[in-house]
Amino acid sequence: TAEALWPDQLTTTGMIPEAANASHVVKFFIAIAVGSSAQAQALVQNPAFQSIIEQVMANKLSHAKANVNATCNVSARRLATEWAVDVARRLMAMLRCYFSVVVPLGLSPSGIQSSVVGLQTDSITQALTLQLNDTNFSGMDVSVANISEPFVETAEALWPDQLTTTGMIP
């Protein structure tokens, strides 16, 4: 299930700004293919990248950036290529960016869920590439490969446990 994949305890160090006034949080993740694991690590370790990915998603969802929180980590996966069978696999770095979108009191999470379902990988890739062009990561090859189905949690289920988490789920 999506909950089994969700890294709620990854490195939340602050409070989502309007969480105290929220009734629900919409959660989903995107997988981003990156040219190398060194590039992926550089993105994840740069605080500007988190701000960029949050802004891109806030824009795509037409939601306030203050209510969009992203936590990204690096993984690697093997992708098939068109080469001969003995050379048919190569290692490609993948970022997984987990999003929590706070739904302020009085609003329904279904609108945000619908917006997430309607997201297009190409559109996010273009927006992310454009935002990265103004940084040290200009020209980096990034491609959104996957967008998960969104799910909703009540804000009460998230607090205060997430506020003080500093460790990583293995």
Side-chain angles (χ1 to χ4, degrees), residues 1-3 5-34 40 42-74 94-138 140 142-166 168-169:
T1 67
E3 286 95 0
L5 299 174
W6 200 257
D8 280 342
Q9 289 80 27
L10 275 181
T11 48
T12 303
T13 56
M15 185 171 180
I16 298 173
E18 295 187 24
N21 295 321
S23 59
H24 295 91
V25 176
V26 176
K27 293 186 169 190
F28 63 98
F29 71 85
I30 63 173
I32 304 171
V34 181
L43 286 171
V44 169
Q45 293 172 357
N46 189 319
F49 177 72
Q50 180 172 344
S51 180
I52 287 169
I53 196 74
E54 288 172 349
Q55 186 64 60
V56 166
M57 196 53 63
N59 291 347
K60 291 296 174 187
L61 297 175
S62 300
H63 202 61
K65 181 181 182 267
N67 291 337
V68 177
N69 185 34
T71 300
C72 299
N73 60 35
V74 179
M94 297 293 288
L95 291 179
R96 274 206 171 192
C97 293
Y98 297 86
F99 290 91
S100 296
V101 181
V102 175
V103 181
L105 282 175
L107 296 179
S108 169
S110 63
I112 295 172
Q113 278 186 290
S114 295
S115 294
V116 172
V117 169
L119 290 172
Q120 300 294 313
T121 57
D122 290 344
S123 175
I124 299 171
T125 297
Q126 289 173 342
L128 181 57
T129 301
L130 183 65
Q131 291 294 317
L132 290 175
N133 281 341
D134 295 333
T135 70
N136 309 4
F137 304 110
S138 180
M140 184 179 289
V142 295
S143 177
V144 176
N146 186 1
I147 304 167
S148 74
E149 287 293 319
F151 64 95
V152 177
E153 287 186 355
T154 59
E156 294 79 15
L158 301 176
W159 310 114
D161 297 335
Q162 288 182 326
L163 294 178
T164 58
T165 305
T166 57
M168 184 176 219
I169 296 175

Extract all donor-acceptor atom pairs below 3.5 Å that involve side chains of residues 109-119 and protein atoms in other chains or at least two apart in sequence.
from: Ser110; atom 1: OG; to: Ser108; atom 2: OG; distance (Å): 2.9
from: Ser114; atom 1: OG; to: Ser110; atom 2: O; distance (Å): 3.0
from: Ser115; atom 1: OG; to: Gly111; atom 2: O; distance (Å): 3.1

| query | Closest heavy-atom contact between Ala58 and Ala64? | reply | CB-C, 4.2 Å
| Any side-chain heavy atom of Val25 sitting closer than 4.5 Å to one from Asn69? | no
| query | Under the 3.5 angstrom rule, does the side chain of Thr125 hit a backbone N or O of Val144 as a donor-acceptor pair? | reply | yes
| request: With the side chain counted from C-beta on, respond yes when Ile53 and Cys72 share a heavy-atom pair under 4.5 Å apart, and no when they do not. | output: yes
| query | So Ser148 and Lys27, side chain to side chain donor-acceptor pair (under 3.5 Å) or not? Walk me through it. | reply | CA-CA 9 Å; Ser148 74; Lys27 293 186 169 190; over 6 Å; no
| side-chain contact (heavy atoms from CB on, under 4.5 Å) partner of Phe137, chosen from Thr129, Asn46, Val34 | Asn46
| message | Can you confirm whether the side chains of Asn59 and Gln55 place a donor and an acceptor under 3.5 Å from each other? | response | yes
| field | Rounded distance (nearest 0.5 Å) linking atom CZ of Phe29 with atom CZ of Phe99 | value | 11.5 Å
| query | Is Thr135 reaching over with its side chain to a backbone N or O of Leu132, donor-acceptor style, under 3.5 angstrom? | reply | yes
| Do Thr121 and Ile147 have side chains that get closer than 4.5 Å, going by heavy atoms? | yes
| field | Any Asn146 side-chain heavy atom under 4.5 Å of Met94 side chain | value | no
| remark: One should read off an interatomic distance between Leu95 CG and Leu128 CG, to the nearest 0.5 angstrom, of 9.0 Å
| query | To the nearest 0.5 Å, what is the distance between CG (Asn67) and OG (Ser100)? | reply | 11.5 Å
| query | Judged by atom type as modelled, is there a donor-acceptor pair below 3.5 Å linking the side chain of Thr71 to the main-chain atoms of Tyr98? | reply | no
| Heavy-atom closest contact (Ile30 atom, Ile124 atom, distance) | CD1-CG2, 4.4 Å
| message | Using modelled atom types and a 3.5 Å cut-off, is there a donor and acceptor pairing between side-chain atoms of Glu54 and backbone atoms of Ala70? | response | yes
| request: For His63 and Met57, indicate whether the former's side chain and the latter's backbone hold a donor-acceptor pair under 3.5 Å. | output: no
